[in-house]
Amino acid sequence: MSLLTEISEMLQRGKAAEVKSLVQNALDEGTDPRVILEEGLLHGMGVIGEKFKNNEVYVPEVLIAARAMNAGSEILKPHLAGAGVEASGTVILGTVKGDLHDIGKNLVRMMMEGKGLEVIDLGVDVPPEKFLEAALERNADIIACSALLTTTMTEMKNVIETVAGEGHRDRFRIMVGGAPVTESFCKSVGADLYAPDASSAADAAVALCREKRAG
Amino acid sequence: MSLLTEISEMLQRGKAAEVKSLVQNALDEGTDPRVILEEGLLHGMGVIGEKFKNNEVYVPEVLIAARAMNAGSEILKPHLAGAGVEASGTVILGTVKGDLHDIGKNLVRMMMEGKGLEVIDLGVDVPPEKFLEAALERNADIIACSALLTTTMTEMKNVIETVAGEGHRDRFRIMVGGAPVTESFCKSVGADLYAPDASSAADAAVALCREKRAG
Amino acid sequence: MRFTELAIDDPTGLIFGTAPKPVTSGRGLTVGGGQVYPELNFTLPTMEVNARTYPEIKEIYRKTVDDVLTRAAALHVEGIVVEFETLLEMTLKPAYGIELTEILVEACERFSARYGMKAEVRLTPNDTRDYERPPRMRNSPYLENMLRLFDEGAKAGATFLSIESTGGKELHDEALVNCDIQGVVYALGVLGVRDMRFLWDQITKIANDRGVIAGGDTACGFANTAMVLAEKQYIPRVFSAVDRAASIPRSLVAYERGARGPDKDCGYEGVFLKAIAGVPISMEGKTAACAHASPVGNVSMAACDLWSNESVQAVHLLGGPAPVVSLEQLAYDVRLLNESIRTRQSLLLRDMLVGSDVSHDPQALILAPDSVIRIARAVVAAGDHLAATFAAVGTALEIIEEAVQDRRLRMDPREEVWVTMVREQLAEIPLNEDAFVEMMQGRIDSGKVLLEEYGL
Amino acid sequence: MRFTELAIDDPTGLIFGTAPKPVTSGRGLTVGGGQVYPELNFTLPTMEVNARTYPEIKEIYRKTVDDVLTRAAALHVEGIVVEFETLLEMTLKPAYGIELTEILVEACERFSARYGMKAEVRLTPNDTRDYERPPRMRNSPYLENMLRLFDEGAKAGATFLSIESTGGKELHDEALVNCDIQGVVYALGVLGVRDMRFLWDQITKIANDRGVIAGGDTACGFANTAMVLAEKQYIPRVFSAVDRAASIPRSLVAYERGARGPDKDCGYEGVFLKAIAGVPISMEGKTAACAHASPVGNVSMAACDLWSNESVQAVHLLGGPAPVVSLEQLAYDVRLLNESIRTRQSLLLRDMLVGSDVSHDPQALILAPDSVIRIARAVVAAGDHLAATFAAVGTALEIIEEAVQDRRLRMDPREEVWVTMVREQLAEIPLNEDAFVEMMQGRIDSGKVLLEEYGL
Ligand SMILES: [Zn+2]
Ligand SMILES: [Zn+2]
Ligand SMILES: [Zn+2]
């Protein structure tokens, strides 16, 4: 088995310590850090993500793999920065104001990171201005809002209006999600994209970033 | 029992022939036709309408009373015209385009007539232009649209847009009703009033006409 | 009258899950063969149907049927019927109806293959002849597209064909609000019966040609309109009850002309058809409250072979899409019925379902198995459809009067006078079609009813 | 542990409609005294709650409760509980919550007077302490207004007081997604228990002072979150099942501190509390699909004294306002239960309800009366709440393992490994609170959980 395959496999099994040392080995052998990232870490998370989407693994298995990925990334990061590699996109993520639910949001973060996106997680109960502020500061591609309550999902509209009010609507793509959110709600508030679950949110975010950076 | 009370009572019991001859008697006695209308016919229909509202009588009983009222009105009409009496308001009524349900609409007509309103019933499957045309022609106060289907209730919006498009939105009050229609739908399409049942539609129409003619 | 004997002549035999003549689909779903399955119907949220909205409509159908079948699989549902009841525009423009049928059929096939579930589509075009006043039942310009949708929908994979046909409705609406039992009997027992013959000869031919199953027809526009009016207290409940009875011979015609069932959900007269013709039936009750209130929420379950939600808009509720919510409710209802069958306690459960409703409303009372068999017996004993309609109404009235007398039925005192009135008006009906047509002649508004469209 | 014996120690005695300690309201509604009644909860459609929208909100509550009770009267419902579960803003600003309570109480009184119906309000403020991270359970700035709403709501006429309190949730959420049974036992059996004691001493005092009834508390934020995650296939079903078991001692605390029931609908652990403390319970199942999917649609009905829809938004469906639709469904469900009681067949019906679900899911299995009594027995035999939590999880696991072995339970093969994993992790828990607190010390993120807010 090649070192990269081994990294991917160990990551899928959630073996953080092993992933760490294997990444170090690969670096020592002179493997391009970008290749380690793509064909090792992201490959492993891709497999797990796919399995999760197909209901073959549970969240705890994804979480443990994500922790292994983070362990590997820690080792890799300084080398990637040196190689001038940047994330394929930056996402500002948070649960909207008045809403303190974070299980779904955390899952989305994990899935997005597993796709190689940089995710700035603002946590829960995030006011509209904070979404915008962070997006400007990090020069983000996407603002992703989560809500679990029918009374707070209307806050998503406020986020969009705040971004638009400051004249930045064209600069960011805005995604919405959470149990009560629907495609038609997404349209009605003028968001760009609704994702029904964490996996498709990650897939959609990658596509949005690619499209945005291309166009 | 006074003649007028007797007219009201016979009307409530749906005795058309009796109402007819009693109205004639009252005219012969020189009673003011307006008084016969108000204190005889409309009074009787008012009692029946109230009973119907309180679930004390069924529709067939209201129908038979309405027929008695019509019989009495036939006798009275020429005299009213002579006295320069006009209806307290004119309503253009119809079921919207694509919808052929008329049970509810007919009930509304009956209740409105029982309140002394003049009702122009355009029938079922009425296109927007026809509502406007009739309203202009009859110099109506109110356009009242009925729909029973979730797919046709959206036609109400077209009626309102047609009226507004021709610059007549301020001239007519627009009422909406029917099983799938709600208060919030009424607001969303920009209608003036939603009535949940035939009795309240009639009450509301009288109030709207009064308000409109006053203001 | 083709049926002169009862297929089920003992009230004990009239029970959910089992019909004397079960029907089996191509994928092996047997309706009436010992198990009950859910029948799920959904429709669009409030929106227009036109060329602009059609792409979105397709997406709604595609996504909703997937969501519903996903939940059905999660709940280990083994068989299901998805009913597609078209909206006007989908029949006027059969291409819409056909393509939407294809979408539903594809999903049913995919889930059947993946989960071993038996999922089938019932196609119910709406009776577009009614979209013209006065309706031209035989010469309607709408008839061709309506029949085309049946044909092409069957070709597209719909398993069961049904309709809620409307012959006589133009007279019946007025008879209802006037509580005119003579008008009701004329509309259902003369006009309705005649139109059913005309229409079902064509539908069963299409079904036979395409190798699919003719499901049956409900008097929805008649007796369910009556039920809704009674719930609003617009007409007496007893009138709605006898109106249901009056619809039996009319709806039976589909089976005389070759339909095989399952009868469609919203025909509460289905229980009578099961007793008479032995066909399996779909029924709806409390779990169809999403579509309409009713006084027969439990008793309607007593003899169902499919159990339906009638129809629900694809809107979002806290628990998810409303059609998925309906599916979940139906699935648990059906689990309970099937568990009672498994443990051989089904008759006990049936009697609880019946007993829980019958004392509350005459409309529930006449659906109790005892009442059903008694009325059905009067129907098959009658010489023709008019006599059968007359007998059904009369027997229903008797049952109600007896129950009121024995204090087995709660009845609003306001209703009592109507029992007498219906009985008196009924007695005036001559039991000879020609004589009855003659008698009604003067009362028929020729601007509203075209008798020649019924062969009269 | 206050309860050291079972109030119901034979599975046969655990049945709908009857509780060892029934509760009677001022208007004479007896819950658990031989009949089942519906409990109806509705909430706003999707909208903001603020000063601008508040007039409209009042109208929605006013109109909806009238619509619901009108339909209840039409269906001859003799008793009903209307639950008012507040939204955040209605507790933050108690004046809103109090006035809306008044609106509901006024309608209940009016309908009770007019129809002889016994209608009561259950007031369920939400636990606003959770709206701050990390939550300060004892020193929360939100605590005062929350308690004020209890007090003034009781004064305004609410009959039952309940809450879904959240002590330990900040740890439990993470334990759930990691399937960390140690975290679960700590969150529920240590933190949850401690917070329940703190909170319920105050709620029962308010109830006693105001002469109203302390209803009870559900582990909704815990075990129902688990159930939802399991339905999404995010966590194994077996984990959700043992999480439910782990919530029993925590929810029992309300009754140790003087609550009398009926326990709140969304606590499926209610059946255990009924067995242990003898209190009547509200339950929800298939008819709460409007609020969430579940694997326990029928079995949850087996021992209910109130039968609930959990919550439905006041949106419009074809059949009318969704809350009225829910009421109609509940009313028919309840009619069936009561008819079985009337005809002395209730045990048979109960067993059908149970039998229809238990083979499909471990979460259903542990709610079967046999399982309930066995787990409840383990709970009361334990010396303290930690040991009881441990015993409940262990016994639930045993029951699931046995059923899988005997092929009485369908289980996804993916689940099996988790049974072993939970058992291994469970075995590591020391049955001494101090030792357990010590053991968990290193794993608690002090930025997320403030132990001092639990007296630790
Ligand atoms: Zn129908
Ligand atoms: Zn809850
Ligand atoms: Zn609740």
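A, B, ... follow the sequence lines: proteins, then strands. Residue 1 opens every chain. Please read all numbers here as calculations on a predicted model, not as lab measurements.
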Exercise for the section: Would you mind listing every ring pair (Phe, Tyr, Trp, His ring centres under 6.0 Å) that reaches into residues 134-186 of chain A, with sequence neighbours excluded? Expected result: none

Exercise for the section: Flag yes if more than 12 heavy atoms outside A/Arg67 fall under 6.0 Å of its CZ atom; otherwise flag no. Expected result: yes

Handout entry: A/Lys212 NZ: over 12 foreign heavy atoms closer than 6.0 Å
Key = yes

Handout entry: chain C neighbours within residues 117-148 of chain A, where any heavy atom lies under 4.5 Å away
Key = none

Completion exercise
Sorted by chain and number, sequence neighbours left out, side-chain contact (heavy atoms from CB on, under 4.5 Å) with A/Glu211 holds for A/Arg173, A/Leu208

Using only the distance criterion (under 3.5 Å, no hydrogens considered), which donor-acceptor pairs connect chain A with chain C?
{"from": "A/Ala179", "atom 1": "O", "to": "C/His316", "atom 2": "NE2", "distance (Å)": "3.4"}

